[in-house]
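In what follows, chains carry the letters A, B, and so on, assigned in the order in which the sequence lines appear, proteins first and then strands, with residues in each chain numbered from 1.
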Amino acid sequence: EVQLVESGGVLVKPGGSLRLSCAASGFTFNTYSMNWVRQAPGKGLEWVSSISGINNYIYYADSLKGRFTISRDNAKNSLYLQMNSLRAEDTAVYYCARSFTDYYYGWDVWGQGTTVTVSS
Amino acid sequence: QTVVTQEPSLSVSPGGTITLTCGLSSGSVSTTYYPSWYQQTPGQAPRTLIYSTNIRSSGVPDRFSGTILGNKAALTITGAQADDESDYYCVLYMGSGIQVFGGGTKLTVL
């Protein structure tokens, strides 16, 4: 069964840092681009970042202004999101999502999400 | 900055047909934006419905269909059912690896 399981979401103070993880199983991880998508409470979905399967092409939403870093470890079938200088507006559920084989098609598999709360 | 637009809310009667649209604040949507559509119910992860304009994702019933209508991407639901009541999001590929969500449409079935 294809599965994505996020972890690492916690309550963190403004200005703090956090690393989210996504454990993938049931498919050949290194052949797929992977993504983070977030959803603030009561708001819509927002694409955050993506990383290609093996040659680490990386893309970010303009709104992040260099505070977030996506990475992956294909040996561990894991995706990560390092979040620095966190702000209240980063409070959201963060979803890990697998790209279709053609990455520009969007995402075909989603995790259940992990909740990040930024508050003092 | 280009914004992806969707109707904030729509309603449909059970058994009816409804079309949701996905446009651009500037310009027209074409197949080269590879529009995709996602369904989300409260507290749940999104579910992929349509990708590359009109290809149904695995397991999605043929009541859901996608197309380009005029200058927008469109998602049509025929024979609406109570459990179609959800939020629906479109996504457009803007090039250079960038994907942008629309604001979402809250669909009510009543």
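Residues A:W110 and B:T48 have side chains in contact (heavy-atom distance under 4.5 Å, counting atoms from C-beta outward). Side-chain atoms of A:Y95 and B:P46, non-hydrogen and from C-beta on, do get closer than 4.5 Å to each other. Within the 4.5 Å cutoff, the side chain of B:Y89 has heavy atoms near those of the A:Q39 side chain.
Centroid-to-centroid, the aromatic rings of B:F101 and A:W107 come within less than 6.0 Å.
Between chain A and the residues B:S52, B:G104, B:G95, B:G102, the largest count of heavy-atom pairs under 4.5 Å involves B:S52.
Interface remark: A:V37 contributes side-chain atoms only to the contact with chain B (heavy atom separation under 4.5 Å). The contact between A:F100 and chain B is made entirely by side chain atoms (from C-beta outward), counting heavy-atom distances below 4.5 Å. Looking at B:Q40, only its side chain comes within 4.5 Å of chain A, counting heavy atoms on both sides. For chain A, no part of B:T53 is nearby; none of its heavy atoms comes within less than 4.5 Å.
Atom-to-atom distance recorded for A:Y59:OH and B:S96:OG is 7.5 Å, nearest 0.5 angstrom. Here CG of A:D62 is found 11.0 Å from CE of B:M94. Values are rounded to the nearest 0.5 Å.
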*Which is it for B:I98 and A:Y60 under the side chain to side chain contact (heavy atoms under 4.5 Å, CB included) test, yes or no, and what are the steps along the way?*
CA-CA 7 Å; B:I98 305 300; A:Y60 296 101; over 6 Å; no

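When all heavy atoms of A:G111 and B:A45 are compared, the closest pair comes out as O-CB, 3.2 Å.
In this model, a donor atom of one side chain and an acceptor atom of the other lie less than 3.5 Å apart for A:Y103 and B:Y93.
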